Trainee: 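Have a look at the structure that comes next, please.
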Amino acid sequence: MPGTEYVAQVTDVDIKWKVSMAVSSNDVRSLNEPMVTMMLVTTEESGNTVNRPVEMTLTKFKELLSTMKQIQNQMELAKLV
C-alpha cells in the first residue's frame, strides 16, 4: 500500500458491537436509519491496547459481512492448494 512503511503486528483482537438507531446527525436532521457501532480492541506488539471505533449504516455492515465471507472462502481455498 502506498505510504505504508511499517504495519504493526496486532494480537488479541476483540470486537464489541451493537445495533442502534440514528435519528439525526450533524449533516442531516432526520436519518431514522439503523446503525451498527463496532469497537475493535487490539493489543499491539508493544503491549498497548488500542480502541478503534467504527460506525456504519446497516447497508455498509452487510457489505462488510459479504467481504468477510469472501475473505474466509479465499483463505479456506488457500489451505486446499
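What you see is a predicted model, and the numbers here were worked out from it, not measured in a lab.
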Trainee: Could you work out, with salt bridge (charged side-chain N to carboxylate O under 4.0 Å, His left out) as the rule, every residue matching Lys60, not counting sequence neighbours?
Mentor: Glu63

Trainee: Who passes side-chain hydrogen bond (donor to acceptor under 3.5 Å, both in side chains) against Asn48, sequence neighbours left out?
Mentor: Ser46

Trainee: Using 0.5 Å steps for rounding, measure from the CG atom of Leu40 to the CE atom of Met38.
Mentor: 5.0 Å

Trainee: Measure the CE-CG distance between Met35 and Leu58 for me, rounded to the nearest 0.5 Å.
Mentor: 10.0 Å

Trainee: When rounded to the nearest 0.5 angstrom, what is the spacing between CE in Met39 and OG1 in Thr37?
Mentor: 9.0 Å

Trainee: Would Val36 and Glu55 count as a side-chain contact (heavy atoms from CB on, under 4.5 Å) if you check the C-alpha gap in whole Å, the side-chain angles of each, and the deciding distance to 0.1 Å?
Mentor: CA-CA 6 Å; Val36 176; Glu55 188 173 73; over 6 Å; no

Trainee: Rounded to the nearest 0.5 Å, what's the gap from CE on Met68 to CE on Met75? Could you check?
Mentor: 9.0 Å

Trainee: Flag yes if Val50 and Val41 sit in one hydrophobic cluster, no otherwise; membership is Ile, Leu, Val, Met, Phe, Trp, Tyr, and two members link when side-chain heavy atoms are under 4.5 Å apart.
Mentor: no

Trainee: Under the side-chain contact (heavy atoms from CB on, under 4.5 Å) test, which residues partner Leu65, sequence neighbours left out?
Mentor: Phe61

Trainee: Could you tell me which residues satisfy side-chain hydrogen bond (donor to acceptor under 3.5 Å, both in side chains) with Gln72, sequence neighbours excluded, listed by chain and number?
Mentor: Glu76

